[in-house]
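For reference, positions follow the sequence shown, starting with 1. Order of listing sets the numbers, starting from 1, for every ligand and every atom in it.
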Amino acid sequence: MSQTEKRNQPIGIFDSGVGGLTVAREIMRQMPDERLIYFGDTARVPYGGKSRETVLRYARQITRFLISRDVKAVVVACNTATAFALEDLQKEFDLPVIGVIHPGAEAAAAATKNGRVGVIGTQGTIGSGIYEAVLGQLDPAISVFGKACPLLCPLVEEGWLDDPITIEVIHRYLAELKKQDVDTLVLGCTHYPLLRHQMEREMGPEVALINPAYETAVTCKRVLMQHRLLCDTPAITGEDADRYCFTVSDDPQHLQRFAESVLRTEVGPAEKIDIEQY
Ligand code: DGL
């Protein structure tokens, strides 16, 4: 494939479920000409309580699937998969692979004034200690307070965003971090930006909430530029319906409905993939 043909290939994005749509949304905003193929591993969500070995196996399968669809780069739009698999994917596959943790950590290091940063995520992400490691490299004076919030991802997948149960669960999880006087809170799971307003209310206006999606899209654009892979064919609104393609490992309608509400636009039917084949 020539470099020009390659540039116009889609970016592959994946998550355990619908959370990565928050990253896809930001990539669409910052790079409106790009084509995307999204994979939500809805048959195997959540990843948060699974072992490194299992998440790595899933991430390899999904990357092989995305490569079979000729993607030019892969965005791991999942903190858990980034924590457990990013380095291996970058070594094993011959295309740019971008994660969500470094971009989010950089934004948090820039935002904190008192050097006390809270991070919420899955058990896998928090247990891996990756945010402590990355933030420690960026600024050793920063203290990191991690809190695993395993109930939040299933509540988001269920669509219970404004439900009193979800609000109560958020209240309980965040109480500990409020006591630690953090002035910055990293939403270290791509599902959590869908609960942003509820978390803002809980933490109060003096705490900066970091959604790594914005910085991940900035990083993605920079990496594509470095590899001379930025799309050079402007999208024609309304005439390029296939620009965004959604794939899942389970019920396609669930993801389609969610994608339409997160992206605030109509999307075509999602395609079900037998991911174990890859
Ligand atoms: N959205 C994912 C993350 O950022 C995974 C959540 C889960 O599957 O437990 O970690």
Side-chain angles (χ1 to χ4, degrees), residues 12-27 38-59 61-63 74-87 89 97-105 107-108 118-134 146-161 166 169-170 173 185-196 199 209-217 219-220 246-251 254-255 258-259 262 275:
I13 305 182
F14 78 87
D15 179 41
S16 60
V18 299
L21 291 168
T22 59
V23 179
R25 175 174 64 189
E26 199 48 51
I27 290 178
Y38 183 90
F39 178 80
D41 200 357
T42 49
R44 305 188 292 197
V45 67
Y47 283 5
K50 295 192 169 73
S51 67
R52 176 182 188 279
E53 201 184 22
T54 299
V55 175
L56 179 56
R57 183 168 73 82
Y58 292 171
Q61 285 178 325
I62 298 165
T63 305
V74 170
V75 177
V76 184
C78 171
N79 287 261
T80 315
T82 300
F84 286 157
L86 183 71
E87 275 184 32
L89 299 180
V97 185
I98 296 130
V100 284
I101 291 179
H102 273 81
V119 180
I120 51 175
T122 66
Q123 247 146 7
T125 302
I126 299 302
S128 75
I130 191 157
Y131 272 100
E132 282 88 337
V134 176
K147 175 76 187 161
C149 306
L151 294 175
L152 292 182
C153 169
L155 287 166
V156 170
E157 288 284 328
E158 201 57 33
W160 290 18
L161 305 183
T166 309
V169 171
I170 289 174
Y173 280 144
L185 178 67
V186 181
L187 308 183
C189 169
T190 52
H191 283 72
Y192 300 171
L194 298 170
L195 299 170
R196 186 188 180 111
M199 292 186 179
L209 259 52
I210 305 293
N211 170 7
Y214 178 84
E215 281 74 17
T216 301
T219 304
C220 180
F246 296 89
T247 59
V248 279
S249 50
D250 207 342
D251 179 18
H254 176 70
L255 186 99
F258 230 104
V262 173
I275 198 64

Engineer: Kindly write out the residues that satisfy side-chain contact (heavy atoms from CB on, under 4.5 Å) with Thr82, not counting sequence neighbours, or none if the list is empty.
Structural biologist: Val76, Leu86, Val100, Ile101

Engineer: List for me each residue that meets ring-ring contact (aromatic ring centres under 6.0 Å, His included) alongside Tyr192, sequence neighbours excluded, and say none if there are none.
Structural biologist: none

Engineer: For His102, which residues count as a ring-ring contact (aromatic ring centres under 6.0 Å, His included) partner, sequence neighbours excluded?
Structural biologist: none

Engineer: Does a side chain donor of either Thr54 or Ser51 reach within less than 3.5 Å of an acceptor in the other side chain?
Structural biologist: yes

Engineer: Consider only side-chain N and O atoms of Thr122 and Thr80, and report whether a donor and an acceptor are under 3.5 Å apart.
Structural biologist: yes

Engineer: Between CG of Asp41 and OG of Ser249, what distance do you get to the nearest 0.5 Å?
Structural biologist: 3.5 Å

Engineer: Name the residues in contact with ligand 1, where contact means a heavy atom under 4.0 Å away: which are they?
Structural biologist: Asp15, Ser16, Val45, Pro46, Tyr47, Gly48, Cys78, Asn79, Thr80, Thr122, Cys153, Cys189, Thr190, His191

